[in-house]
Number of protein chains: 2
Amino acid sequence: MRVPVAVLAVLSMWSSAAVAQVKPEDAIQYRKAQYSVILWNWMPMNGMVRGRIPFDAKEFAKRAERVAAVAPQLLEGFPQGSNAGAETEAKAEIWANFADFTAKMKAFEQASAALATTAKGGDETAIKAQFAKVGESCKACHDAYKAE
Amino acid sequence: MRVPVAVLAVLSMWSSAAVAQVKPEDAIQYRKAQYSVILWNWMPMNGMVRGRIPFDAKEFAKRAERVAAVAPQLLEGFPQGSNAGAETEAKAEIWANFADFTAKMKAFEQASAALATTAKGGDETAIKAQFAKVGESCKACHDAYKAE
């Protein structure tokens, strides 16, 4: 068969991820992408929590589920040495305190997973309370490890 | 409580996604991000299929599952009017032929879902065959709707 374009597109890159020797610039692009996906899904939840758009339990649950699904995929975007190589707001402190960084990532994972579960329940008050907790888990990591 | 940084970060953007009046540049950033996530997960699968790294059924299944999860999230990154506003390789033909574009996206969804299912089975021959089909579904859409 003809080699699909999508396959050709990655041939020049396979050696980075595929052999677990990730190029810093690829890891930086990946983690930025995942944060963009989180933000995209966070925005409508935030609009509902702030009362700027009508609360839609089904839509909120879908967005919460998507954020919870991304959370466990973030850490692989921070391999050793990926504090440089492309524009990044990730501080070098991440790799100097990787256990703490990992713990903060796990806290975000747990908070976002709890939000997805709470959102399925449809209790608006409980959902808003857990949404705030997820935001706090974001802030805890950003305060320590994200450059302004 | 203090307003989390993550919430502040989206306040200025809420009006776009939250009221379903997405800014073209936000949609473009979102869809590029999702394609970056797909590529990140595609690379190691490609390395295994091409025999450049040892086949690892568990790792392959994880990557296939992640691509299958992103696939149904792509279409919302192509709202009307998002053919401009930021650098994009998306051709205007997408919105002129949106039914066909949607059908090609659905074909990718189905092929990637089938790959995730096949990958769980661990049959390397079947996995490689379905991986090629997913690549063909990428190519079908890129050939028609992605600028070189």
Side-chain angles (χ1 to χ4, degrees), chain A residues 1-11 13-20 22 26-27 29-50 52-53 62-63 66 69-70 73 76-77 108 131-143 146 148, chain B residues 1-11 13-20 22 26-27 29-50 52-53 62-63 66 69-70 73 76-77 108 131-143 146 148:
Chain A
M1 69 171 232
R2 293 169 58 201
V3 180
V5 165
V7 173
L8 292 173
V10 296
L11 286 180
M13 304 172 71
W14 72 268
S15 62
S16 58
V19 295
V22 181
D26 293 344
Q29 177 186 32
Y30 168 73
R31 70 199 185 210
K32 284 182 172 180
Q34 290 287 33
Y35 283 111
S36 292
V37 170
I38 289 171
L39 187 62
W40 175 265
N41 288 291
W42 184 271
M43 290 190 290
M45 290 193 286
N46 186 65
M48 292 183 213
V49 168
R50 305 290 152 189
R52 302 197 175 92
I53 54 173
K62 182 178 83 172
R63 300 299 167 185
R66 289 183 177 182
V70 170
Q73 300 180 39
E76 70 184 58
F108 169 59
F131 180 80
K133 289 184 180 176
V134 177
E136 289 162 2
S137 73
C138 297
K139 183 184 188 315
C141 203
H142 293 172
D143 286 353
K146 185 184 178 188
E148 291 311 312
Chain B
M1 73 173 222
R2 293 170 58 202
V3 180
V5 165
V7 173
L8 291 172
V10 297
L11 285 179
M13 305 171 70
W14 72 268
S15 63
S16 57
V19 297
V22 180
D26 293 342
Q29 178 186 32
Y30 169 73
R31 71 197 184 211
K32 284 182 173 181
Q34 289 287 35
Y35 283 111
S36 292
V37 171
I38 289 171
L39 187 61
W40 176 266
N41 287 291
W42 184 270
M43 288 189 291
M45 289 194 286
N46 186 65
M48 291 182 214
V49 168
R50 304 290 150 189
R52 301 196 177 91
I53 54 172
K62 181 178 83 172
R63 300 299 167 186
R66 290 183 175 181
V70 170
Q73 300 181 39
E76 69 184 60
F108 169 59
F131 180 81
K133 289 183 181 177
V134 177
E136 288 163 2
S137 74
C138 298
K139 183 184 188 319
C141 203
H142 292 173
D143 285 354
K146 184 184 179 189
E148 292 309 314

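In what follows, chains are A, B, ... by sequence order, proteins preceding strands, each numbered from 1.
- Nearest heavy atoms, A:Val22 versus B:Trp40: CG1-CH2, 3.4 Å.
- For the atom pair CD (A:Glu76) and NZ (B:Lys62), the distance works out to 5.5 Å, reported to the nearest 0.5 Å.
- Most heavy-atom pairs under 4.5 Å with chain A: of the set B:Gly77, B:Ser137, B:Ala27, this distinction falls to B:Ala27.
- A:Gln34 meets the side-chain hydrogen bond (donor to acceptor under 3.5 Å, both in side chains) test with A:Tyr30, A:Gln73; sequence neighbours excluded.
- Contact of A:Ala140 with chain B is not made at all, since no heavy-atom distance falls under 4.5 Å.
- Closest approach of B:Ser36 and A:Ala33 over heavy atoms only: CB-CB, 3.7 Å.
- Only the side chain of A:Arg63 comes within less than 4.5 Å of a heavy atom in chain B; its backbone stays farther off.
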